[in-house]
2 protein chains.
Amino acid sequence: MDNITIKMLAKELNLSTAAISKALRDSHEISTPTKQRVQELASRLNYIPNAYAGSLRIRKSKTIAVVLPEVADSFFSQAINGIEAIAEERGYHVLIYLTHENFSREEAILKDFQSGRVDGVLMSLTAETASYKHINDLSSRNIPLVFFDRVCEEANTAKITTNDLESSYKATQHLVDCGCRNIALLSISDCLSISNKRKEGYEKALADNRVPQGPLNIFCGNDPAKNVAALKTILQKKDRPDGVIASVEKLTTDVYLACKELGLSIPGDMKVVSFSNLSSASILNPSLTTVTQPAYEMGKTAAIILFKSLEKKNFVLHDECLTLPSELIVRGSTVAGK
Amino acid sequence: MDNITIKMLAKELNLSTAAISKALRDSHEISTPTKQRVQELASRLNYIPNAYAGSLRIRKSKTIAVVLPEVADSFFSQAINGIEAIAEERGYHVLIYLTHENFSREEAILKDFQSGRVDGVLMSLTAETASYKHINDLSSRNIPLVFFDRVCEEANTAKITTNDLESSYKATQHLVDCGCRNIALLSISDCLSISNKRKEGYEKALADNRVPQGPLNIFCGNDPAKNVAALKTILQKKDRPDGVIASVEKLTTDVYLACKELGLSIPGDMKVVSFSNLSSASILNPSLTTVTQPAYEMGKTAAIILFKSLEKKNFVLHDECLTLPSELIVRGSTVAGK
DNA sequence: GTGAAAGCGCTAACAC
DNA sequence: GTGTTAGCGCTTTCAC
């Protein structure tokens, strides 16, 4: 069965394609009876306009792209939910691209967007991203870009973040209050501004409390086995940490396993806070103290701002930088019995 | 900055657009020196072909759609990873659509695909889906569709599943072996074939062991608070279950919380098995016995089959029904100390 | 109120 | 080996 086109409707009704087009868009140039005839036939034949013919004319695709490091992560999957909710509402389509933390993949993806495939982009940077040419190239093609969470500070556009510095400060302060004196910070990057913010908050809290800095810049990668091994090495040292802040959700399992394998009890021997949106945080062994980010809201907000810039000309994306608060939820990995 | 088009390149080089087009696609009709001139200019001006102009001509969009109930679920997010890996490799783009278990949303999404927006579709059904007209409508437009996990048995196309019946049987048998005599099955649907298969496996195992059937068809929804409340009601009865199979990952947290609130110990008072791909299963309290599905592989396989049908004409999708095995991983929620 | 025609950017027959 | 031309399906002047 061939697809129905405007041309076919035109032939069927002895009208021009122009008339059909106008009738379908309910133009006032077309008489009511004609409109009715056209619309009746269109719905009877189940006419669906070709998605790309219109895009080619109009130079709008009603499509946005979401560029993410990964999906198998509660933060990002919840953010997608927020984005999708708004896109659906506006009748937009969502293309998804995963960088797997790979910078050259990120470059290639953004480059493709110069093809006019998408009207706008929502993005969270790779842990490796340290140069911004690909981002500026996209901007120079007038394709609006909104960052969320892992933002590019250098880019002159909208950024939706959470209060990384403050929440990291709070998390560190909480560990100090729980008696920790040797607190490690597990990171995945020394490029990302969110990593740096979290580090700053951590350092500030330590300084304010006159607690010496613990093992820092423990960079963890994508291989859980390696992470566990690296953690075990650190945890077997004499001056091992008595507290740890995992700045990424997926490191939680690695920390728990390393402790388990070494027979270290949480929170007795070691206290743990994670930046995490895991819905199972409360049923972990022990339940996990988290810094929980407003993932859904961040995705939603980023999408709303992107659509604003898509809908209004002269909308200045640069002015739209929002910070939504995260929440420290104290559970059993820092306070026994919680 | 305006986008570079073939026309502009043609003018610049005093060639026809056809020559440019051929040169860029490295056609043998074009002389080597001309090709070089064209390619040099194209890369110097950073020419990127318009994504939709070609699609309109060729009637191929190099885009597939993935239609899912949700993303915030380990199974589906891992499946997306598998799909994306293959799509990336083939240079395809991936549109993502979430049904949120809503049938009319599913209908609307599939209907839109008749616009030629996508070349093919990968899909997991809604828990509500009980009629198939929208699926047949899509097939009649010759848009290949491959189901994975939540397949439509009635559809005459490829289906990638896991061995739901067997793994449910195994899970049930395991609970029986652990001493359970009153086993509940938590489901989210009575339409889905995977739900029915899991129910069959459960019933068969009970029958084979001459264990009476426990509370069945406890349908859980999207509201965790309601699920917990419903579970608590059941668990407070005199003849409360001593074992439960959660047929969906997200119900795990609800079961654990319900037990916690009632002071029931797992696995002492109550044993739990979940169909789950949670990477944190091993660090739950207690660690969770799971039926773990080959999520990544299922996504990947579904994508591979879809691309086969996209690339070869006369490829019979119907013949491509694969079943990948799930694995029962015994942990502490059924065997103390594990 | 309706139609003819141009053109979005690209490709593919078919000339030459 | 290169150019001309005719569309893909749609919208949008501009005539009538």
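Order of the sequence lines fixes the chain letters, A, B, ..., with proteins taken first and strands second; residue numbering starts at 1 for each chain.
Each of A:His28 and B:Tyr47 was assigned the nucleotide of DNA chain C with the nearest heavy atom; the assignment lying further toward the 5' end belongs to A:His28. Of the two residues near DNA chain D, B:Ser16 and A:Ile58, the one whose nearest nucleotide lies more 5' is B:Ser16.
Taking both residues in full, the closest heavy atoms of A:Leu306 and A:Val121 are given as CD2-N, 3.8 Å, listed atom of the first, atom of the second, then distance. Considering all non-hydrogen atoms of both residues, B:Ala158 and B:Glu320 come closest at CB-O, 3.2 Å.
Side-chain contact annotation: A:Ser140 with A:Asn142, donor-acceptor N/O pair under 3.5 Å absent. B:Glu101 and B:Thr126 share no donor-acceptor pair across their side chains, judged by distance under 3.5 Å alone.
By the ring pair (Phe, Tyr, Trp, His ring centres under 6.0 Å) test, A:Phe307 is found to be paired with A:Tyr92, residues two or more places apart in sequence or in another chain being considered. Judged as a ring pair (Phe, Tyr, Trp, His ring centres under 6.0 Å), and not counting sequence neighbours, the contacts of A:Tyr97 are A:Phe113, B:His93. Remark: A:Ser74 pairs with A:Gln78, A:Glu249, A:Asn277, A:Leu278 by the side-chain contact (heavy atoms from CB on, under 4.5 Å) rule, at least two apart or across chains.
For D:dC8, one of the phosphate oxygens OP1 or OP2 lies less than 4.0 angstrom from a side-chain nitrogen or oxygen of A:Lys7. The shortest distance between the side-chain N/O atoms of B:Arg57 and the OP1/OP2 oxygens of C:dA12 is not below 4.0 Å.
Salt bridge absent: B:Glu153 and B:Lys159 never bring a charged side-chain N and a carboxylate O closer than 4.0 Å. Between B:Arg117 and B:Asp112, at least one side-chain nitrogen of the basic residue sits less than 4.0 Å from a carboxylate oxygen of the acidic one, meeting the salt-bridge criterion.
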Contact list (N/O, under 3.5 angstrom) for nucleotides 13-16 of chain C vs protein:
residue: C:dA13; atom: N6; partner: B:Lys22; partner atom: NZ; Å: 3.4

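Counting any heavy atom pair closer than 4.0 Å across all strands shown, A:Thr5 reaches sugar-phosphate atoms only and no base atom.
Under the side chain to side chain contact (heavy atoms under 4.5 Å, CB included) test applied with A:Cys152, the options A:Asn136, A:Leu192, A:Ile135 reduce to a single match, A:Ile135.
The distance from atom CZ of A:Arg59 to atom C1' of C:dC10 is 13 Å, rounded to the nearest whole Å. The distance between atom CG of A:Leu15 and atom P of C:dG3, rounded to the nearest whole Å, is 5 Å. Between B:Lys60 atom NZ and C:dA12 atom P there is a gap of 13 Å when expressed in whole angstrom units.
Comparing C:dC8, C:dT2, C:dC10 by their closest approach to the side chain of B:Pro49 singles out C:dC10.
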Practice item. For the pair A:Gln114 and B:Asn3, evaluate side-chain contact (heavy atoms from CB on, under 4.5 Å) and give the outcome as yes or no after the intermediate values. Key: CA-CA 8 Å; A:Gln114 297 187 22; B:Asn3 273 348; 5.5 Å; no
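Within residues 30-41 of chain A, the residues having any heavy atom under 4.0 Å from DNA chain C are, by residue number, A:Ile30, A:Ser31, A:Thr34.
For the helix from C:dG1-D:dC16 to C:dC16-D:dG1, the angle separating the two terminal helix axes comes to 50°, with each axis derived from five pairs and the value rounded to 10°.
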